[in-house]
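So the structure is just underneath, and the comments pick up after that.
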Amino acid sequence: MSVLVGKGTRLIVQGITGREGSFHARGCADYGTKVVGGVTPGKGGMTFEGWPVFNTVEEAVRETGANATVIFVPPPAAADGILEAAASGIPLIVCITEGIPVLDMVRVWEVVKNSSSRLIGPNCPGVISPGKAKIGIMPGLIHKEGSVGIISRSGTLTYEAVYQLSERGIGQSTAIGIGGDPIVGTTHVDALKLLNEDPDTEAIVMIGEIGGTNEEAAAAYIREHVKKPVVGFIAGQTAPPGRRMGHAGAIISGGEGTAQSKMEAMRAAGIHVAVSPAEIGATMQRVMGK
Amino acid sequence: MKIHEYQGKEILRNFGVAVPEGEMATTLEQAYTAADQLFSSGHKVVVVKAQIHAGGRGKGGGVKLVKTLEEAAAASKAILGMQLVTHQTGPHGQRVRRLLIEAGSEIDRELYLGLVVDRASGQVVFMASPAGGMEIEDVAHETPEKIYKEYVDPRTGFQPFQARKLAFKLGLEPSQIGEAVKCMMGMYRAFIDSDCTLMEINPFISTKDHKLLALDCKMNFDDNAMFRHKLLRELRDISEEDPLEVEASKYALNYIKLEGSIACMVNGAGLAMATMDIIKYAGGAPANFLDVGGGASQEQIENAFGILLSDSNVKAIFINIFGGILRVDVLAQGVVNAAKNLKVSLPIVLRLEGTNVEEGRKILAESGLNFQVGATMKEAADLVVAAAKSALRRDD
């Protein structure tokens, strides 16, 4: 079993005829994900690389039986894309788009949290269950089937952690990229709950970064509820306050969101903290006794 | 994006928030005329305020109260053109290019009003505190009970009853409540209309004759939303920003200048931060944060190189790329081209992994250029720190 994505996933791609959408639709399908169609308003009825294209998400879901959607819509229209997906009742929405205005996400979140859909992202690499399926933009090749779950706000840093694990023969159950924006649909705590309840996940890597208090909340959750070993890393230990480090969410403000406070909270919760990003794989290897 | 106090007050005024009478001046003549007008219209006190994109201006000597036109001229002369150092500018300070000449007020109480997007709830939160005039972070730390909050339901927006609640908690006089509500509703509308991420009025004052006024104003805008705000974009003052960061933004590169000697080029914000961290652990100091993004072209790589090399503190370059969407061979070709075109003489250490990594390594090996390649992130960090240190020793 895996969480969020697996052999039963039936995926549609919002923005399938765009540059990013078409490239990654192909990437997901090549990895083994069952891609069943796409949505591009105005191009409904055509076939794109063998996939049926629909004008609306509602129609695509009805016609294909899709249970997941991945969004590659440009930032000005992405919030609308998420709302359209949520209105269709589709269980899983993965939004890759980077650069959505935060006040758009305030409105979107109010709707999504009261809907039957789970949102991953935005501004995230997506979700992968190695050997089964992926919804997102991560390079499938570096992954290896196994039992370590990964949660991260960042794309390439997740790849880095995956690579370090795979190199040591440690496979992954599911890697969840939750996204680097201030408001995301699935937080560290939400993702932890999923991996904690997943019988195929034996250990967890949690990668955080400066900004907000999400990682502190996750540490508190781990302390109370998680018996599986957890390895943690926080990026931005040397970042100056008040500057947005690429991700809209990665900013130390008002003395809150420092790497220091996050690492302390993680240690206090019994998490094995890798101080250097090069030590994530080795730390997990030690913790798992492999 | 940030703007100046005088620009923020102009926005607030348009949304019905009371602000002191005043004018912006870029020359001493303009400052003199503005002060003259204020004194002539009956104001006893005028404030000369430095306009830079940083807080703490008063403590740094950038704000002066004057009672005569002569004093106003002298204060303007002292402040305009000065290198103003505050806790937010760094040790070199920021050159003052603009002044705000404003009517002084007789302050009875200093309050705080602020709006921010709260990440935990995913909502906008309106904050008010009777402890105005202080850093709100200090208030939050020492006396958190003195900060009152109202969370805004996105379906209805901020409501007058919420503004009233805050106004009464601040202990305002019954006769002031109506005006306070008007100011707060105006602030909220300005916040939403301008796609702010932060808005603070500190202090928001009650004068001795019970008037309410926004004495200072700080507004930060959401860079991701500026595509829909043509007028706000025109308020950007690039002379307040680092020239290299301005240059980088032209090429859509995510660059932040830092103080160290090792330039970094990385794809992805998280890995870029982690790369800065590992340089520190290897005993070096990063010269910058640079995320070239997920799909950088060869041209982008060359532009990025140009920016890294313009920083004279840089002694060595660390390229750490995990190819996902960005193919390693594309990156390698871009690096080789840039190094040749720009005649790079600084040591370059690369660490490459991911899509098409073998082709990428081959391009580097066959380039005839002197690149060092680290097998792991740690090894590469050690190599680049050693290279930067030996370059620094040579300079000494």
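Chain A is the first sequence line, chain B the second, and so forth, proteins listed ahead of strands; every chain is numbered from 1.
- Looking only at side-chain heavy atoms (C-beta outward), B:V124 and A:L103 come within less than 4.5 Å of each other.
- Note: A:G212 leads A:G212, A:A259, A:S276 in heavy-atom pairs under 4.5 Å with chain B.
- Nearest heavy atom pair, residue B:R119 against residue A:G249, reads NH1-O, 2.8 Å.
- Partners of A:Y221 according to the side-chain hydrogen bond (donor to acceptor under 3.5 Å, both in side chains) rule, which considers only residues two or more places apart in sequence or in another chain, do not exist here.
- The nearest pair of heavy atoms linking B:G122 to A:I183 is CA-CD1, 3.7 Å.
- The two atoms that bring A:G236 and B:D277 nearest to each other are N-OD2, 2.9 Å, heavy atoms only.
- Of the two parts of A:P240, only the side chain, counted from C-beta on, holds a non-hydrogen atom closer than 4.5 Å to a non-hydrogen atom of chain B.
- Here the side chain of B:D291 pairs no donor or acceptor atom with the backbone of A:G246 at under 3.5 angstrom.
- Considering only residues two or more places apart in sequence or on other chains, A:H247 meets the side-chain hydrogen bond (donor to acceptor under 3.5 Å, both in side chains) condition with A:E209.
- Nearest heavy-atom pair, B:G270 versus A:S154, reported as atom, atom and distance to 0.1 Å: CA-OG, 3.4 Å.
- Between A:R243 and B:F289, the closest side-chain pair of non-hydrogen atoms is not below 4.5 Å.
- In terms of non-hydrogen atom pairs under 4.5 Å with chain A, the most contact-rich of B:Q123, B:E353, B:M377 is B:E353.
- A:Y159 contributes atom OH, which lies 8.5 Å from atom CG of B:N267 (distance to the nearest 0.5 angstrom).
- The candidate from B:R228, B:H141, B:M226, B:Q88 with the greatest count of non-hydrogen atom pairs under 4.5 Å with chain A is B:R228.
- A distance of 9.0 Å separates CD1 in B:I256 from CZ in A:R244, rounded to the nearest 0.5 Å.
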